[in-house]
Q: 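Can you read through this structure? Questions will come right after.
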Amino acid sequence: MDEQPRLMHSHGVGMAGHPGLAQHMQDGTAGTDGEGRKQDIGDILQQIMTITDQSLDEAQARKHALNCHRMKPALFNVLCEIKEKTVLSIRGAQEEEPPDPQLMRLDNMLLAEGVAGPEKGGGSAAAAAAAAATGGVGADNSAEHSDYRAKLSQIRQIYHTELEKYEQACNEFTTHVMNLLREQSRTRPISPKEIERMVSIIHRKFSSIQMQLKQSTCEAVMILRSRFLDARRKRRNFNKQATEILNEYFYSHLSNPYPSEEAKEELAKKCGITVSLLSSQVSNWFGNKRIRYKKNIGKFQEEANMYAARTAVNATSVSAHGSQANSPSTPNSLFNTNDEEFNGFCDLK
DNA sequence: CCGCATGATTCTGC
DNA sequence: GCAGAATCATGCGG
């Protein structure tokens, strides 16, 4: 115990383990000629070079002695403060970075695609089942859709396991570094603040890795989308029966060819096409029909006549001996420019 | 292979 | 969010 005051007084704590070194430094600063200073630096270097020659026990003993010194906490704090002012304050300025917009976009997209966020439908099997259930009509369509869902859930699974792995690795690494720094803080001036900063640096690094994962997941989803959903462009013409049903409705509602949601559903069911899978085929059909009919009424005249005649026949046969006045639109009334129904729609332009 | 038909998508205005 | 308009892309007959 009586050793410590002596260290303090004669050599200074910093050089406690190397009294000679401290002595030389003191001499060096006091001396006026450069020769002596060079000599001192040479000595210091020499001592640094031979530091590894010391036995570990010796080093441990010195470390212990240092740690037990009663002035140690105070000095530690002072050194931390100095370090803080000279080094850390410079880069401490650009903290509190705003949330990366790129990362936010990726997050949003993953969330929208159902890759991130809460599990929907629980697993691929359930997703496929749900797809099959909602598909109803158009077997190939729902099969395609469930395939898409299965692939998406695969991506989702990979994403989550990877993310978990990264998080685990990050935590492990953080703990490791923190322990290391805490351990080193016994011999080096490392403040808790500095450890905190190091942790945030590590987290930043790992989140940039996560961002890469998110990026590649997004890319995978985009590729999947283009392979499956955008294959909707791979047009299949409706069968003849479906077209007839749609045309029948169209020409018998020529005055107002805008089927209600219920009517659309009914038509979709009859035709075996979708009504609300991303976009309604019925709505597409009516949208296209309206615009094309209006653009070239002449071209559709024959078709219109035919369907009008057909509905007229149906109407008469249904209402047994009823007059044709009950028919929604007779062939004659359809193309009579004085007809209210006809004008009603055609005036829309 | 060409050109038209047609289902789907995108853009725009309301 | 819907309808209209333009456009894209494929299907299909000749």
Side-chain angles (χ1 to χ4, degrees), chain A residues 105 108-115 120 131-132 134-149 151-152 218-311 328-329 334-335 337 339-349:
Chain A
R105 249 186 302 141
N108 284 340
M109 182 185 158
L110 290 172
L111 216 57
E113 293 296 333
V115 175
K120 281 188 287 187
T134 51
V137 282
D140 57 342
N141 205 336
S142 75
E144 235 171 60
H145 205 61
S146 75
D147 200 13
Y148 168 77
R149 294 243 218 156
K151 289 251 164 46
L152 189 67
C218 277
E219 274 166 23
V221 171
M222 292 310 278
I223 290 166
L224 190 67
R225 277 184 75 95
S226 65
R227 275 247 307 277
F228 282 86
L229 296 192
D230 291 347
R232 284 170 302 179
R233 272 197 180 277
K234 285 214 175 351
R235 184 170 59 87
R236 284 255 76 114
N237 284 352
F238 298 158
N239 60 36
K240 214 170 170 211
Q241 200 195 347
T243 314
E244 287 200 0
I245 291 166
L246 292 167
N247 270 320
E248 219 163 272
Y249 187 98
F250 180 80
Y251 287 111
S252 63
H253 296 77
L254 204 50
S255 61
N256 187 34
Y258 300 88
S260 62
E261 284 308 308
E262 298 89 68
K264 276 188 210 170
E265 241 169 84
E266 181 73 22
L267 286 167
K269 212 184 286 175
K270 272 200 228 168
C271 302
I273 58 179
T274 65
V275 70
S276 62
L277 189 88
L278 296 159
S279 77
S280 162
Q281 288 185 297
V282 178
S283 299
N284 284 342
W285 190 91
F286 273 90
N288 284 322
K289 190 73 183 179
R290 280 192 298 266
I291 191 77
R292 284 162 187 164
Y293 177 84
K294 204 161 73 178
K295 258 189 187 166
N296 194 350
I297 294 171
K299 201 176 74 184
F300 289 93
Q301 195 144 359
E302 203 180 316
E303 190 180 76
N305 275 328
M306 193 183 81
Y307 282 102
R310 198 179 297 184
T311 50
S329 58
L334 246 183
F335 300 104
T337 42
D339 184 78
E340 282 178 17
E341 287 189 340
F342 179 72
N343 288 333
F345 168 51
C346 291
D347 286 351
L348 282 176
K349 60 180 161 39

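Order of the sequence lines fixes the chain letters, A, B, ..., with proteins taken first and strands second; residue numbering starts at 1 for each chain.
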Q: Both A/N237 and A/F286 contact DNA chain C. Taking the nearest nucleotide for each, which residue is further toward the 5' end?
A: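 It is A/F286, whose closest nucleotide lies nearer the 5' terminus.
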
Q: Rounded to whole angstroms, how far apart are NZ on A/K289 and C1' on C/dA6?
A: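 Those two atoms, NZ and C1', are 19 Å apart.
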
Q: Round to the nearest Å and state the distance from A/L267 atom CG to B/dG7 atom C1'.
A: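 My rounded result for the distance is 16 Å.
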
Q: Please state how far atom CG in A/N288 lies from atom P in B/dC4, giving the value in whole angstrom units.
A: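 Distance check: A/N288 CG to B/dC4 P gives 18 Å.
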
Q: Looking at every non-hydrogen atom in both residues, tell me the closest pair between A/K264 and A/S283 and how far apart they are.
A: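 Closest approach of A/K264 to A/S283: NZ-OG, 2.9 Å.
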
Q: Salt bridge (Lys or Arg N to Asp or Glu O under 4.0 Å) with A/E303: which residues, sequence neighbours excluded?
A: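 In terms of salt bridge (Lys or Arg N to Asp or Glu O under 4.0 Å), with neighbours along the sequence ignored, A/E303 is linked to A/K289.
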
Q: Could you check how far CG of A/N296 sits from P of B/dT6, rounded to whole Å?
A: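 The answer, rounded to whole Å, is 12 Å.
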
Q: Roughly how many Å is it from CD1 in A/I291 to P in B/dA5, rounded to a whole number?
A: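 Answer to the nearest Å: 16 Å.
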
Q: Rounding to a whole Å, what distance do you find between A/W285:CH2 and B/dA8:C1'?
A: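 Roughly 15 Å, once rounded to whole Å.
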
Q: Nearest nucleotide by nearest heavy atom, which residue falls closer to the 5' end of DNA chain C, A/K295 or A/P259?
A: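 Comparing both residues, the 5'-ward one is A/P259.
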
Q: Over 60° means perpendicular and under 30° means parallel, so classify the ring planes of A/Y307 and A/Y251, tilted if in between.
A: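 Answer is parallel, since the angle falls under 30°.
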
Q: Closer than 4.0 angstrom, basic N to acidic O: yes or no for A/E266 and A/K269?
A: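 Salt bridge absent between A/E266 and A/K269.
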
Q: Write down the atom of A/S255, the atom of A/P257, and the distance for their closest heavy-atom approach.
A: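 Shortest heavy-atom contact: C-CD, 3.8 Å.
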
Q: Flag yes if more than 12 heavy atoms outside A/Q241 fall under 6.0 Å of its CD atom; otherwise flag no.
A: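 Open.
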
Q: In terms of relative ring orientation, are A/Y293 and A/F250 parallel, tilted or perpendicular, with 30° and 60° separating the classes?
A: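 A/Y293 vs A/F250 ring planes: perpendicular.
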
Q: Round to a whole Å and report the spacing from CG of A/L246 to P of B/dA8.
A: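 Spelled out: CG on A/L246 to P on B/dA8 is 11 Å.
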
Q: To the nearest Å, how far apart are A/N284 CG and C/dC2 C1'?
A: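 After rounding, the gap between these two atoms is 13 Å.
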
Q: Look at A/Y258 and C/dG4 and indicate whether a side-chain polar atom (N or O) is within less than 4.0 Å of OP1 or OP2.
A: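 It does, given that an N or O in the side chain of A/Y258 lies less than 4.0 Å from OP1 or OP2 of C/dG4.
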
Q: Tell me whether the OP1 or OP2 atom of C/dG4 has a side-chain N or O from A/R290 closer than 4.0 Å.
A: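 So the side-chain polar atoms of A/R290 do come within 4.0 Å of the phosphate oxygens OP1 or OP2 of C/dG4, strictly under.
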
Q: Base of C/dG4, side chain of A/R292 - is there a donor-acceptor contact under 3.5 Å?
A: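 Answer is no: no donor-acceptor pair is held.
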
Q: The helix from B/dC1-C/dG14 to B/dC14-C/dG1: angle between its terminal axes, five pairs each, to 10°?
A: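 Both end axes considered, the difference amounts to 10°.
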
